[in-house]
Each structure stands twice: as C-alpha cells, then as structure tokens.
Amino acid sequence: MLSVSSSTLARLAARSSRSAGATAATRGMGMKVREEMEELPSNFSMDAIKPPPHGFGDPYPEELDPMAYVRKPVTSAHAIDLKGEGSASALDSAAFGPKGSVVHGRFGDVDVSTVPLEYLALLRPAAEGAAALREITEASKSSSGTILVYGASRPAGMAAVQLANAAGNAVVAVVDGEHSGHCEMVDTIKGLTSEPGTAVAEEYALCKANFRDLVEKTVAGDDFTSHDFDTNQYNFLSDFKANLLDYVEAYPSDLPAAVDAEQLKFQGKEKDRANFRTNMDAYLSQFSPGADPIDPAQLEANFTVEQYELFKKKFGVQTTAVISGGDGVTNIDQFSPAEIARNMCAQPEEAATAAEEGGYPFEFSIKNGPPALTPSLAGGDISGAVIEVTPDLATACEAVGAASTLRGKAEALQFLTEAQRNAHAAASSVVALARKAGGTIRTVGGSLPGLDEIRTPGDGDVQTALKAMEIGDDGTSSLNYFIQVYRAGDWPVYEAYAIHRAKEPLSGPRQIVVTK
C-alpha cells in the first residue's frame, strides 16, 4: 500500500508542476518584456553583409551549364534562290563587314542602323516595288491617286502596297491564288491599306464586273447618301408590291402560320397521324399567321409612296413597344405586316404632321436619304498598276502569248490548270482597268508579254526601300514582311530544309530567310 501511495503522490506532484508552468507561460504572453539592444561592433559597415543575387549591389556571376548549347552570332542572311535545285542566294544576301558595316550582295555597302539583317535579304524586291511606284508616279505626274496591285502577298507586291499607301495613294490589292485561300493573309494585306483602299482575293477579281465596281467606288468614293431618292423611291415601291403579292400567294390564310406547306405533310408513323395536325397547329400558333388575298388593282391604286412611308414607320412603333414592354395600344404579341398592308390598301391612312410622328434613328425612308455619318473618301484617278509575276501567271501568259489567233489563245487557256487560268483572268482584270484609265503598268519579279518591266532599281529606289524598312522610336516601320528564319549557322542542315520548304507547292504566305 505504501508503494501505491508514493506513486499516486508523484503523479499529483507532476500534474501540479505542469499546471504551474502553463500558468506562468500564459501570463508571460500578456507581459511586455524590455529587450536590451546590443551595441554594433566598431568594425561593422554596410558592406559587411552581401545582398542576395536578386537584391541590391553587383549581381553574382551566373554559372553557365557546361552542357548548354551556345548559339553562334549571326553574320549573314540569305534569301532563297528558287532557280534549278534551289540554294541560299549569294546576291540577295546581307552580311556584316569588317568594321560593323553591312554589305549587300547586289548593292554593296548599305548605310543602315535600325534595319533587321533579315529584312536586308529582301532588299531587291523591296527596291523593285519602290521603282515600280516611282515610274508610275512620274508617268501620271500626280503625287496621289489609285494604285492597283496584283500579287500583293509577294515580296515586291507587298512593298508596292505599303510604299504606295505611305505615299498617300489609295491601293486596291489582289492576293494571288497561291495565298488567297489564307484568310488571315488577305485580312492582313487589307490592313496594310488605308481607306478607301482595300484588298481582295484573286477569286473576287475573276468577277470582272464586281471588281470594276469596287475599283470605281474606290476612285470616286462610295457616298451612300448621294442616291437619287426622287427616282428610286418608285423602284423601291414596285419591288415591295411584287414581293408582297408573292408572299400572299406563298403563305395563304388557310395555313396555321406563314410556313412552307411541305411542313404540314405527315411523314411519321401511322399511329401518330391522328394527333399530327392538332400538334402542328398548336406549335405553329406562336408564329405569324398566313395572309388574306390582296387585290392587285387595289394595291396598285391605293398603296402609294406616302402609304409605304407610313407602313415602314409602323415597324419602329412596334419595335419600341416590344422593347419598352408595351405602350397600352400596340399589340406586342402579334404583328402581321401583310395584314397591315391589306388594311391600308382598303382604307388608306393619313400622314401625321412632322411634330406628331417623331423620328427614329437609322430609320429607312424611301423619301429622305440617310444623313452622312462619315465623310466619303475618294482615292482619285487610277495612276497605274503593279503586276507581280507569279509562276502560274508566267506560265499562263507564255502559253497565251505564243498563240497568234483568238482560237489558239482559247485553246491554250483550255489546256492550262485552273490555278493558271485564274491567275491570267485576275491579272487581266487589273490590267484592263489600268489601261482603260490610261495608267502606267509595270511588272516586277519578271516580265510578261505585252507589258513593260521595271528598269533596274537605282540608288534612289534602294534608299527609299531602306528608309521604309527602318524601325522608328515607336517600334514600327513603313515596310514590313512576314519572315520565317532558319538558323543554318547553328544547324547547317536547316539550309537544305529551308530550300525544301520554299520550293514545295503552296509554301505559305511568308518569306524564308536563311541566316549563317
């Protein structure tokens, strides 16, 4: 019994000691302890503690991974020469000289400071575009006008588009068939032009009437407020009457709704035939009903221009009532224009005064033209056209030019591929409009039968292209390209791969440049 009592007392003593310590700790949390500040050593300074690598002071040298590959510096850039087997062009290239200068394969030393080396590999087509634009401007004796460009996604054509736009010309660009299927490229070329200029795909230029109308609107300006409403209002009215009679005939009042009668034919299982029409009537009741017959003679006599104007205003009243939740007078659950027109034929309405009728913004009126919201921009007369010679266009023109008779030309076109025929037709649309306007036509990137090729670009053309390529303080330039770079200096096999990509069919809307 003594041992038990001793162990019990020991446990009680330990429990009481733990409670006392916990109490002291609890009290200590509520006390304010006065800390004594240690004096700094006499030899202490701010430089005694080095800052972390991401902090202040000189950064620690970064330790390089011995297995990491270090890229070689780029010393030259080359365009792809597609002749023969293809190669990295020695003429269309740019390389750094001994004292930091840049030497071009064709034009020698060039004075550039903010032009990317890859852009200099495309200096020849850029200078050709500048030369074509200069010759057209000199021949037209006008600093601005409308310039037509075929092959606008090619190097020289793209340069002509951007330089002509920067000079204040309105540009109508045509993207050739090899790149016209690339919607983003067509939109990008369109973005390189300014209003009223634009860019279209080659397929659009095949429709000669549509392309002619587009160019005429660009030349003269597209003012939608200049229509002769005094004459056209009767054309609008006659078209409406014809459409109304056709509508009444197609959707008579014996139909539960203005839908095609074929939808009311039963095509299900026989067990569902009994309830088919009941279900269809209930479903179609939510749509506008069919129209009662309208007497054509009464329509022609009573439905005048004034009645048509009142009829159009009812749409604005109905729309306002639906949006606002109803005005207490207008039925917002059902609106049948055919019934309204029939009632107006039977009993013509009187026009309200100007103060009573109010106005609806952007309301169509056959009596009054819409207000001019934006100024009408006119590009001016056609100054000329720039034709970029594509492979398909060169093949087509060579075949057609070799024939001496009209029959022979037609037979030559018949044996061409569709891409070649389309290229010939689209370029012909551009050439025909330029010739009709008396403009100057120049080809770049090659020659075509019956058209004048540009002369060799001079020093002024080269300087114009270089100045347009310079990157300004805001990071933009007047002449830009879409370039895909292959670093053959690091991986020599990339040169052969770049040549392969450049020579494959439909290689894509970008320029391939090899760096070494």
Side-chain angles (χ1 to χ4, degrees), residues 79 91-92 104 106-107 119 122-176 179 189 192-194 197 199 202 205 215 218-219 379-391 393-394 397 423 426-469 478-481 511:
L91 293 177
D92 293 326
H104 194 271
R106 291 181 183 271
F107 306 111
Y119 272 31
L122 303 175
L123 182 57
R124 177 189 59 83
E128 289 182 352
L133 183 61
R134 174 182 54 78
E135 293 180 9
I136 291 174
T137 303
E138 291 176 353
S140 64
K141 298 180 181 180
S142 176
S143 59
S144 63
T146 301
I147 304 293
L148 310 181
V149 179
Y150 174 82
S153 58
R154 306 280 178 167
M158 187 178 293
V161 170
Q162 298 179 74
L163 293 176
N165 183 74
N169 297 279
V171 182
V172 179
V174 179
V175 180
D176 64 275
H179 300 156
I189 299 299
L192 296 178
T193 65
S194 301
E202 181 182 84
V215 174
T218 304
V219 171
D381 296 334
I382 298 177
S383 301
V386 179
I387 307 296
E388 172 90 9
V389 181
T390 64
L393 179 60
C397 290
S428 298
S429 298
V430 175
V431 172
L433 292 176
R435 283 179 173 171
K436 183 180 179 181
T440 305
I441 304 173
R442 291 292 183 267
T443 65
V444 292
S447 60
L448 295 175
L451 298 178
D452 296 331
E453 186 180 3
I454 63 167
R455 295 184 292 272
T456 302
D459 294 339
D461 302 321
V462 175
Q463 294 301 322
T464 300
L466 288 174
K467 185 177 180 181
M469 287 181 176
S478 301
L479 179 55
N480 299 277
Y481 283 110
Q511 308 307 318

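Every value quoted in this text rests on a predicted model; they were computed, and no experiment measured them.
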Taking atom CG as the centre, does N480 end up with more than 12 heavy-atom neighbours from other residues, nucleotides or ligands that are less than 6.0 angstrom away?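 Enclosed: over 12 neighbouring heavy atoms sit under 6.0 Å from CG of N480.
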To the nearest 0.5 Å, what is the distance between [atom1] on [X] and [atom2] on [Y]?
X	Y	atom1	atom2	result
D92	F107	CG	CZ	8.0 Å
N169	L133	CG	CG	6.0 Å
I387	I441	CD1	CD1	7.0 Å
L479	L163	CG	CG	5.5 Å

Which pair of non-hydrogen atoms, one from [X] and one from [Y], has the smallest distance, and what is that distance?
X	Y	result
A385	I136	O-CD1, 3.6 Å
T146	G380	OG1-O, 2.7 Å
M469	A126	CE-CB, 3.6 Å
G157	E388	N-OE1, 3.1 Å
E202	A423	OE2-CA, 3.5 Å
T137	S142	CG2-O, 3.3 Å

Counting N and O atoms only, with roles assigned by atom type, does the side chain of S429 sit under 3.5 Å from a partner on the main chain of A205, one being a donor and the other an acceptor?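 Yes, the answer is positive, given that a donor and an acceptor are paired below the 3.5 Å cut-off.
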Where the side chain of Y119 meets the backbone of Y481, is there a donor-acceptor pair that is under 3.5 Å apart?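 At least one qualifying donor-acceptor pair exists.
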Is the shortest side-chain heavy-atom distance between [X] and [Y] below 4.5 Å?
X	Y	result
D381	V219	yes
L433	V172	no
R154	D176	yes
R124	P457	no

Any chance the side chains of N165 and T193 put a donor and an acceptor closer than 3.5 Å?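 Result is no, nothing qualifies.
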Applying side-chain contact (heavy atoms from CB on, under 4.5 Å), run through L192 and M158 and close with a yes or a no. CA-CA 9 Å; L192 296 178; M158 187 178 293; 4.3 Å; yes
Only one of E135, R134, E128 clears side chain to side chain contact (heavy atoms under 4.5 Å, CB included) with D461; which?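 Answer after filtering E135, R134, E128: R134.
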